[in-house]
Amino acid sequence: MATATATACFLSPPATRSPKFTCSSTLATQPDSAKKRLLSLIADQDRGLRTQRDPAALSSIVAAIDAVAALGRGAVTTGPSLSATWRLLWTTEKEQLYIIENARWFGTAAGDVLQVIDVEKKALNNVITFPPDGVFFVRSGIEIASPQRVNFRFTSAVLRGRSWEIPLPPFGQGWFENVYLDDEIRVAKDIRGDYLIVERAPYDWKE
């Protein structure tokens with residue numbers, strides 16, 4: 001993200017025969033500040049579970065998302081840099097949050113929640129892990145619709161344990177827009193008005 005540099009010059013007091021001009025440069029940090037504010041607001045929200053019960057927190061987070069989205073306006077966010085294993089930081093997506101909150105049904109707690117995207121292969125996997133061996137994932141096909149919009153269609157779903165696997169019927173299609181993307185995080189808004197904030201995971205998830 002481009003930043004601007006502002007230069008300020010000051011006239012020193014006439015302690016010497018001739019006054020001196022000194023100049024200093026200040027790096028404008030508006031993009032970093034907006035991003036840091038957003039990440040600070042979601043840091044204690046338990047991936048969005050707490051936000052569901054706190055309208056004031058939701059309002060503040062959405063305002064921070066809008067500020068970050070303004071910085072990304074006009075950028076291409078559907079190119080090769082979109083291909084990655086993305087790890088959930090925060091969302092308003094109720095189905096995901098429901099599974100995260102009720103992972104105890106599987107005798108465990110939810111682990112990493114991931115979105116695995118391959119732009120070249122036109123593929124997307126939504127993944128919820130249940131350590132040590134469980135995983136639920138939904139496969140999707142994707143099409144790049146615009147510089148920021150991705151269309152998707154679910155193709156299959158699988159619930160898998162250590163020695164068993166249950167296929168589930170696919171359902172649904174829609175789109176999401178990446179309103180902000182850099183080398184660390186991505187912020188998206190989908191067809192239902194839900195928000196997603198993810199970070200680049202330190203590993204690649206494979207089926």
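Worth knowing before you read on, the calculation uses all heavy atoms, side chains too, and leaves out hydrogens, waters and symmetry mates.
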Are more than 12 heavy atoms, taken from residues, nucleotides or ligands other than [X], located less than 6.0 Å from that residue's [atom1] atom?
X	atom1	answer
E207	CD	yes
R37	CZ	no
Y203	OH	yes

Would you say [X] and [Y] make side-chain contact, with heavy atoms under 4.5 Å?
X	Y	value
T77	R186	no
V198	L89	no
I100	L88	yes
L39	E199	no
I42	T51	no
V187	L38	yes
F152	D190	no
N126	E93	no

Next item on the list: Decide side-chain contact (heavy atoms from CB on, under 4.5 Å) for V116 and F137; before the verdict, give the C-alpha distance in whole Å, the side-chain angles of both, and the deciding distance to 0.1 Å.
Entry: CA-CA 10 Å; V116 186; F137 62 95; over 6 Å; no

Would you give the length of the straight line joining atom [atom1] of [X] to atom [atom2] of [Y], rounded to the nearest 0.5 angstrom?
X	Y	atom1	atom2	answer
Y195	L58	OH	CG	8.0 Å
K189	R149	NZ	CZ	10.5 Å
R192	E95	CZ	CD	4.5 Å
I61	Q45	CD1	CD	4.5 Å
Q115	I128	CD	CD1	11.5 Å

Is there a donor-acceptor contact under 3.5 Å from the side chain of [X] to the main chain of [Y]?
X	Y	result
S60	A56	yes
R104	E101	yes
T78	S146	yes
S140	N125	no
D46	L49	no
T85	W205	yes

Note to self: Less than 3.5 Å apart, any donor N or O on the side chain of R139 or S156 sitting next to an acceptor on the other?
What the structure shows: yes

How close do [X] and [Y] get, heavy atom to heavy atom, and via which atoms?
X	Y	result
Q173	F154	N-CD1, 4.4 Å
D182	W86	O-CH2, 4.5 Å
R47	L97	O-CD2, 3.4 Å
L181	L82	CD2-N, 4.5 Å
G74	Q148	N-NE2, 4.2 Å
P131	A110	CD-C, 4.3 Å

Any chain of hydrophobic side-chain contacts (each under 4.5 Å) joining [X] to [Y]?
X	Y	answer
V135	L159	no
V158	L124	no
F130	L114	no
V119	W175	no
I166	I99	yes

Checklist line | Ion pair check, R200 and E184, cut-off under 4.0 Å | finding: no

